[in-house]
> 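For reference, the structure I am asking about is given below.
Everything numeric here is computed off the predicted structure, so don't read it as measured data. Reckoned from all heavy atoms, side chains included, excluding hydrogens, waters and symmetry mates.
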Amino acid sequence: MQSQQDVELDFNQKAWIDLLKQIKYGQHLLFEMPISLYPAEQETKALAAVRRANEQLHYGHYDEVVSNCRKALEAVLKDTEQSAIRQKYAGHKKEMSKQERLNNVYGALYHLSHLSTHLAEEDEHAHFSREEARMLLGTTSAAISQHFTSQKLAEKENAEAA
């Protein structure tokens, strides 16, 4: 007779990685996204979309992963800022600040994920592989995390300056 029981354990990140190595589960990169206790609306929307993307990755729905990454990016990006930066620095990108270069990365992710929600050539959606979906989910998660972290730092600096 077989039975199944769910057990919940709390591990810190190092202990979890050590356990995975011990059971030879494979190597994985754990990515930490700081989440506010009281997130703003745009942060809530972005994080919900990232969570849905992660869930869809487990189910093998790779196009939906990319589509949810697009929704997460839409929650934090302003199209007008992206196009203004591209136009301003076309031809002389060496003059771009670090933040403007980061905005270009966000724009590239946004542009790539566009294919998941809009028709490609010949009225077909572009389909994404597991590795492409994982790459986009990881970079989108990192970009959103960086965006909110830098936003919070700027707000803190502004509050201290006032």
Side-chain angles (χ1 to χ4, degrees), residues 8-20 27-90 93-118 125-126 128-162:
E8 238 180 82
L9 300 171
D10 289 326
F11 285 96
N12 69 28
Q13 186 173 353
K14 183 182 180 331
W16 179 246
I17 292 169
D18 290 344
L19 176 65
L20 291 174
Q27 291 190 359
H28 298 278
L29 175 64
L30 296 178
F31 185 81
E32 181 179 296
M33 284 185 70
I35 300 171
S36 301
L37 289 176
Y38 306 102
E41 183 181 352
Q42 77 173 142
E43 189 174 0
T44 301
K45 286 180 181 179
L47 293 172
V50 167
R51 284 184 180 119
R52 284 190 305 274
N54 189 53
E55 183 177 305
Q56 293 302 318
L57 182 67
H58 294 298
Y59 292 131
H61 302 154
Y62 307 128
D63 295 343
E64 286 83 359
V65 172
V66 177
S67 179
N68 279 294
C69 287
R70 171 65 177 225
K71 291 173 185 171
L73 291 163
E74 286 173 347
V76 298
L77 296 178
K78 296 178 179 100
D79 283 333
T80 54
E81 291 175 0
Q82 295 297 318
S83 61
I85 290 169
R86 280 193 296 273
Q87 288 174 2
K88 180 178 178 183
Y89 293 100
K93 293 181 179 179
K94 290 181 182 179
E95 299 169 19
M96 293 174 74
S97 70
K98 181 176 86 170
Q99 186 58 52
E100 290 163 333
R101 291 167 192 244
L102 285 169
N103 287 346
N104 264 353
V105 171
Y106 303 149
L109 294 171
Y110 188 79
H111 184 67
L112 175 60
S113 62
H114 179 84
L115 291 173
S116 69
T117 55
H118 299 283
H125 283 319
F128 289 84
S129 70
R130 176 176 175 77
E131 294 307 314
E132 291 166 338
R134 284 176 40 177
M135 183 271 306
L136 195 55
L137 176 57
T139 53
T140 297
S141 298
I144 287 172
S145 178
Q146 189 282 329
H147 173 81
F148 287 127
T149 301
S150 66
Q151 195 174 49
K152 287 172 187 161
L153 287 173
E155 289 170 4
K156 183 179 177 182
E157 289 173 2
N158 289 340
E160 289 173 357

> Check A75 against A46 and note the closest heavy-atom contact, atom names and distance.
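Scanning both residues, the minimum pair turns out to be CB-N, 3.8 Å.
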> Going by the side-chain contact (heavy atoms from CB on, under 4.5 Å) test, name the single residue among V50, L136, N54, L137 that passes it with V65.
L137
> Can you tell me how far apart CG (L109) and OG1 (T139) are? Round to the nearest 0.5 Å.
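Going from CG on L109 over to OG1 on T139, the span is 4.5 Å.
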> Let me confirm one number: the CD-CG distance from Q146 to L153, rounded to the nearest 0.5 Å.
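That separation rounds to 9.5 Å.
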> Which atom names give the shortest non-hydrogen contact between F148 and E43, and what distance separates them?
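Answer, listing the atom of F148 first, then E43: CZ-CA, 3.2 Å.
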> Using the salt bridge (charged side-chain N to carboxylate O under 4.0 Å, His left out) rule, take E55 and R51 through it: C-alpha gap first, then chi angles, then the decisive distance, then the call.
CA-CA 6 Å; E55 183 177 305; R51 284 184 180 119; over 6 Å; no
> Show the nearest heavy-atom pair for residues Q42 and V76, with the distance to one decimal.
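Closest pair (atom of Q42, atom of V76, distance): NE2-CA, 3.6 Å.
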> Would you call E131-R134 a salt bridge at under 4.0 Å N-O?
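Result for this pair is yes, salt bridge flagged.
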> Going by an N to O cut-off under 4.0 Å, is there a salt bridge joining R70 and E74?
yes
> Return the CD to SG distance between E64 and C69, rounded to the nearest 0.5 Å.
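Rounded to the nearest 0.5 Å, the CD-SG separation comes out at 11.5 Å.
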> Using side-chain heavy atoms (C-beta onward) and a distance below 4.5 Å, is L73 in contact with S113?
yes
> Return the set of residues passing side chain to side chain donor-acceptor pair (under 3.5 Å) with Q56 (not counting sequence neighbours), or none when no residue passes.
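So Q56 forms a side chain to side chain donor-acceptor pair (under 3.5 Å) with H61.
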> Would you give the length of the straight line joining atom CE of M135 to atom OG1 of T140, rounded to the nearest 0.5 angstrom?
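If we round to the nearest 0.5 Å, M135:CE and T140:OG1 are 8.5 Å apart.
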> With rounding to the nearest 0.5 angstrom, report the CD to CD distance, E155 to E160.
12.0 Å
> For a quick test of reading the model, state the closest non-hydrogen atom pair linking F128 to Y62 and the distance between them.
O-CB, 3.3 Å
